[in-house]
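Everything below concerns the one structure shown next.
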Amino acid sequence: MSDPTSTPTLPVRVQQVHIPRPRYRYAGWVVAADDAGRTYRLPMTGTVAQWLRPDQRLDLALDDPEAITFDNYRLTAAVPIWPLWRTTATLERTSPVHDRPLYTYTVLAREAQYEHDYAAIVDLEQYHYASDEDLLARWYCETCHLYHEANARPNCPRCGRPMRFHDLKSATRASRFLVLELAERQPYEPRFVAYVRLDPPLPLMHRRLPNGSVEKNIRQRVFPPEWFAHPFHPRAEGRDWWEAQAEALAQARSPVARLARVVVHPDYRADGLGQLALRLALRWMSERWVPDMRVPKAALETVAMMARYNPFMEKVGFRYLWDTASGRPVLYYPLTAEAREAIERFLRTDPVARQHRGRLYRPRYHAARPLPEPVRVEEVSKAYTNRLDLSALSPPVRRLLEAFGVRQRVIQKTVLRRVNFSVGAGQVVVLLGASGSGKTTLLRLLYGAARGLDDDRYRPDAGQVRVPADARAEALLPGEIEPDFGDQPLAEVLYRLLGDEAEAVELLNAVGIADAVLYRAPYAELSTGQKARAQLAHLLARRPNLLLLDEFAASLDPRTAQRVARRLARLVREQRLALVLVLHRPELLPALEPDAVYAVGYGTFYRLDALPERGFFVREPYASHIVQGRKVWELRKHPTRVRGRVAVLRGNEVLGTVEIRGVQGPFTVDELEAHYDKHLAHPRFLRSYAGDKPLYAWELAEPYAYPVPRPFQRQPGHQVWVRLRDASGPSAERVPPETTPAPDAQGRENAASTDQKSSVTR
């Protein structure tokens, strides 16, 4: 398509509007003529074409007058009509503590145009409203001229051919749809994540007062009466419904539109996409005067019972004004100063509105009173003793095990040795380590101390776990300690625990279950990932102040796990819970932003995110490769005496830590080519760096990337090693002074380190 600004426009007049009834949503055309009598057949969706009127004056810009397609012309009245509105938007999700970026949604928002857009809308609608008995859409067979209702594209019951989409049963001809696609997504993520439907305002609206009386035509008391003087109000009265709607379309116009639907894919709710969809719909409505394209829009109204249980509309800026005569809440979003002043005046002067002041939703959930002092683990040790007895086994199995040297014996294993740490109100502590290293054992000891359990599995062999007397601990240890849902629906189970249905919905939303269909589902009907989130909600509904979780995200896909982790960390801090969780997925650490991370490893226990005594500089991208575990050899011209955990420094940041286990070499460059997967340095660069000298490989292990790099104030001068904190032990080594500075394996000069101290923001 050529540049729109370079294509001249010509005035045209609408002559005819053609809309094929079975496919009107996505097919239609308008015939327009210019002042010279030339006619143009303009293809567009019937959803748009049906709003245009004979003799209406428009401006037309053509890229190719001889071959007009969906994509090569522009049609404008007071606002652009074609092409349909579209925009790209981003939504950045941040960490729960420092508001640093975690992940970003890039969304393409556009008015529905194609048949597959409406098929996606039907699919999304099912997530929220459908059941086996509720069929949402009508489909049409072009061969048999037969209509059929279904929730997914059916084959014609007569000829067997795939049917075409006709319409949503709940929509009217006046409905306009905005769809949201993930512009950047993983292969396992859906393409369409949300849709918004806008309609003309309701023809009539009455208000129910607290005393049960009804106030007629409440809107005309608040807003100018002419705003609602030309409603979309088809009157069938025995006539064809299609024609009745066509007549209503010709008359309808209002500076108010109605938000009829906002539906977000259930995996993406409670993460801000509903708010983003609303903001985009507001732009679409104000820029294109949707749905009627006849008058500028001053306000958006919505009638939504779910607004009592979810605040996303109010977070965008909607104000609650009243309940309809049937008891459903009505909210408005003002787009103009006139609408805003009318709303504020009503909230100030109306006796009922003065009480709620425009607010409908108020947060309900509250945990137990926070821990008055931290839970302390002091010098705790734990060992397990197992007796291996083959006497009860069948002879073949006994012979099998004996062939591998397995016989009767006592196996003793120390999993925790002199462990010390604490966790207080509003803190998140993460335990990392291999399976069987003692992480779950530590949770078990915390749970046993908080619950006063005498079972040997829940008591340390040595040391003690100090827990405040009013600690309320809840734990999730899969296969051992799990919530009991019974066979009741999720919402019922949580309601019985909380005593408040709105609070139950709030908790389900908080853990990522925001699908109303799932609220009424028993636990057994949920997917594995949904069960994991439901378990979190159940634990929180018991109002703990100490929460112990073993692998809460094990069954969640990476994106869902990140979303749940972020929301959990935010809720823990808002409610001042103390959270200790076992994690096998370090990529979730930025979303949790823990206060401390400990490595548990077969009797060892140390703080992984503590700042080491010293660190060494590495250039990118190799510094990131090291803390991510991709680079396990650091090539230098000299060996190092340093062993143990050190920091990896990049410019003015500490990226993370790694252990130096030893040094191999010296190697020639030719020998190192066979180990490229370990050092990731290109042979040509190695030859330039090494010259005629051999190179040494520092062996790296157990990398750890800080969730957020720590600022570091680097001193001037060439440095390899710097001290990061005062500690006993050997001082940072120097490269021999006679060595001429040369690029290291990452391409930076490798000069003698200095005794200058550098500082890190902790």
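Counting only distance, with no hydrogens or angles, the side chain of Q245 and the backbone of R173 share a donor-acceptor pair below 3.5 Å. The backbone N or O of G529 lies less than 3.5 Å from a partner atom in the side chain of R533, making a donor-acceptor pair. In this structure a side-chain-to-backbone donor-acceptor pair under 3.5 Å is present from R93 to D271. Side-chain N or O atoms of T349 include one that pairs as donor or acceptor with a backbone N or O of R345 at under 3.5 Å. No donor-acceptor distance shorter than 3.5 angstrom exists from the side chain of R566 to the backbone of A591, with no hydrogens or angles considered. Between the R25 side chain and the L168 main chain, no donor and acceptor come within less than 3.5 Å of each other. No donor-acceptor pair under 3.5 Å is formed between the side chain of R185 and the backbone N or O of A183. Side-chain atoms of T90 never come within 3.5 Å of backbone atoms of T106 as a donor-acceptor pair (strictly under, hydrogens ignored). Judged by distance alone, the side chain of S95 and the main-chain N or O of R100 form a donor-acceptor pair under 3.5 Å. Side-chain N or O atoms of Q427 include one that pairs as donor or acceptor with a backbone N or O of G424 at under 3.5 Å.
Under the 6.0 Å cut-off for aromatic ring centres, W139 and Y147 do not qualify, their centroids lying 6.0 Å or more apart.
Between D323 and R308 there is a salt bridge, since at least one side-chain N of the basic residue sits less than 4.0 Å from a carboxylate O of the acidic one. With salt bridges taken as basic N to acidic carboxylate O contacts below 4.0 Å, one links R219 and E301. Note on R138 versus D167: no salt bridge recorded, every NZ/NE/NH1/NH2 to OD/OE distance being 4.0 Å or above. The pair K297-D292 meets the salt-bridge criterion, since a charged nitrogen lies less than 4.0 angstrom from a carboxylate oxygen. By the 4.0 Å N-to-carboxylate-O rule, E125 lies too far from R197 to be salt-bridged with it.
From L568, atom CG reaches atom CG of L579 across 5.5 Å, with rounding to the nearest 0.5 Å. Atom CD of E243 sits about 7.0 Å away from atom CZ of R21, to the nearest 0.5 Å. Annotation: the span from F232 atom CZ to R253 atom CZ amounts to 15.0 Å, rounded to 0.5 Å. In this structure, L136 CG and L124 CG are separated by 11.5 Å, a value rounded to the nearest 0.5 Å. Between atom CG of residue D350 and atom CZ of residue R207 there is a gap of 4.0 Å, rounded to the nearest 0.5 Å. Atom-to-atom distance recorded for R208:CZ and S326:OG is 8.0 Å, nearest 0.5 angstrom.
Taking the six-membered ring where tryptophan is involved, the planes of Y103 and Y105 are perpendicular, since the angle between them exceeds 60° and thus also 30°. Aromatic ring orientation, F346 versus W322: perpendicular (interplanar angle above 60°, classes split at 30° and 60°). Ring geometry, W242 versus Y24: the interplanar angle exceeds 60°, so the pair is classed perpendicular (tilted spans 30 to 60°).
Of the residues listed (Q535, K531, Q488, H538), the one engaging Y523 in a side-chain hydrogen bond (donor to acceptor under 3.5 Å, both in side chains) is Q535, and it is the only one. For the side-chain contact (heavy atoms from CB on, under 4.5 Å) test with E474, the passing option among L546, L547, L540 is L547; the others fail. With respect to L282, the side-chain contact (heavy atoms from CB on, under 4.5 Å) criterion is satisfied by exactly one of L259, V316, V196: V316. Exactly one residue among Y118, W85, Y114 makes a ring pair (Phe, Tyr, Trp, His ring centres under 6.0 Å) with F177. That residue is Y118.
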In sequence, state the C-alpha distance, the side-chain angles, and the governing distance for E593 and R573, and then conclude on salt bridge (charged side-chain N to carboxylate O under 4.0 Å, His left out). CA-CA 11 Å; E593 204 159 348; R573 283 158 172 123; over 6 Å; no
Chi angles and distances behind the salt bridge (charged side-chain N to carboxylate O under 4.0 Å, His left out) call for R496, E492: CA-CA 6 Å; R496 293 184 182 187; E492 183 68 27; 2.8 Å; yes
Does the pair V505 and N310 meet the rule for a side chain to side chain contact (heavy atoms under 4.5 Å, CB included), with working shown? CA-CA 8 Å; V505 171; N310 194 313; 5.7 Å; no
Run the side chain to side chain contact (heavy atoms under 4.5 Å, CB included) check on Q575 and H366 step by step: do they pass? CA-CA 7 Å; Q575 295 291 327; H366 62 91; 4.1 Å; yes
Before you tell me yes or no, could you show the steps for I343 and R340 under side chain to side chain contact (heavy atoms under 4.5 Å, CB included), namely the whole-Å CA-CA distance, both residues' side-chain angles and the distance that decides it to 0.1 Å? CA-CA 5 Å; I343 290 171; R340 188 175 301 107; 5.9 Å; no
Steps toward side chain to side chain contact (heavy atoms under 4.5 Å, CB included) verdict (V256, F228): CA-CA 8 Å; V256 177; F228 307 97; 4.0 Å; yes
Mind running salt bridge (charged side-chain N to carboxylate O under 4.0 Å, His left out) on E503 and R543 for me, showing each step along the way? CA-CA 12 Å; E503 196 173 8; R543 305 193 194 280; 2.8 Å; yes
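Residue L280 comes nearest to A109 through the heavy atom pair CD1-CB, 3.6 Å, listed as atom of the first residue, atom of the second, then distance. Considering every non-hydrogen atom in both A553 and A561, the closest pair reads CB-CB, 3.9 Å. The minimum heavy-atom distance between V262 and A277, with the atom names listed, is CG1-CB, 4.5 Å. The two residues V222 and A342 come nearest to each other via the heavy atoms O-CB, 3.5 Å. The shortest non-hydrogen separation linking T47 to S175 is CG2-O, 3.5 Å.
More than 12 heavy atoms of other shown residues, nucleotides or ligands fall within 6.0 angstrom of atom CZ in R354. Within 6.0 Å of atom OH in Y26, more than 12 heavy atoms from other residues, nucleotides or ligands are found, so the atom counts as buried in its surroundings.
In this structure, the side chains of L178 and V290 stay at 4.5 Å or more apart for every pair of heavy atoms. Looking at heavy atoms from C-beta onward, P200 lies out of side-chain contact with R258 at the 4.5 angstrom threshold. Inter-residue side-chain proximity for R110 and V179 is flagged as met; some heavy-atom pair is nearer than 4.5 Å. Looking only at side-chain heavy atoms (C-beta outward), F192 and I121 stay at 4.5 Å or farther from each other. With a 4.5 Å cut-off on side-chain heavy atoms, H206 and N217 count as touching. Looking at heavy atoms from C-beta onward, L539 lies out of side-chain contact with P544 at the 4.5 angstrom threshold. A 4.5 Å side-chain heavy-atom check between L321 and L347 finds at least one atom pair inside the cut-off. Proximity of P370 to N545: side-chain heavy atoms (C-beta onward) are nowhere separated by under 4.5 Å.
Judged by distance alone, the side chains of Y361 and E506 do bring a donor and an acceptor atom under 3.5 Å apart. In summary, the side chains of R235 and H233 do present a donor paired with an acceptor at a separation below 3.5 Å, with no hydrogens or angles considered.
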